[in-house]
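One-based numbering, in listed order, for ligands and for the atoms of each.
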Amino acid sequence: MTCSQMGGPCDASMTAGSEKEMMDMGWKHMEEVHPDRVSEIKQMPKEDMDKWSAEFHTKWEAMPEDEVVA
Ligand SMILES: [Zn+2]
């Protein structure tokens, strides 16, 4: 998945073996590269967070297994 697919501002692509791993990698990337965005996300109300998680899950499920972008 790319950073922008996870709601981030750039197109850096990341690959992971599981949804949880993807989420962790996404966070790590955001904290390293977009700390401003992270503080914004942390201020989001819980319902927005839940919406974001649901969207993330849907996008993850829609990813073809072989779509590995190097
Ligand atoms: Zn990024």
Asp11 and Ser4: side-chain donor and acceptor closer than 3.5 Å?
-> yes

Can you hop from Trp60 to Ile41 via hydrophobic side chains spaced under 4.5 Å?
->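 Same cluster.
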
List the steps and the verdict of side-chain contact (heavy atoms from CB on, under 4.5 Å) for Glu40 and Asp36.
-> CA-CA 6 Å; Glu40 249 175 63; Asp36 292 357; 5.5 Å; no

Protein N, O or S atoms less than 2.8 Å from the Zn ion (ligand 1), ignoring waters?
->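 Listed by chain and number, the atoms are Cys3 SG, Cys10 SG, His29 NE2, His34 NE2.
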
Could you pull out all residues at least two apart from Glu31 that satisfy side-chain contact (heavy atoms from CB on, under 4.5 Å)?
->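 With sequence neighbours excluded, Glu31 shows a side-chain contact (heavy atoms from CB on, under 4.5 Å) to Trp27, Val38, Lys42, given in chain and number order.
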
Would you please name every residue forming a salt bridge (Lys or Arg N to Asp or Glu O under 4.0 Å) with Glu55, sequence neighbours left out?
->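 Residues passing salt bridge (Lys or Arg N to Asp or Glu O under 4.0 Å) with Glu55: none at all.
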
With sequence neighbours excluded, what pairs up with Glu32 under the salt bridge (Lys or Arg N to Asp or Glu O under 4.0 Å) test?
-> Lys28

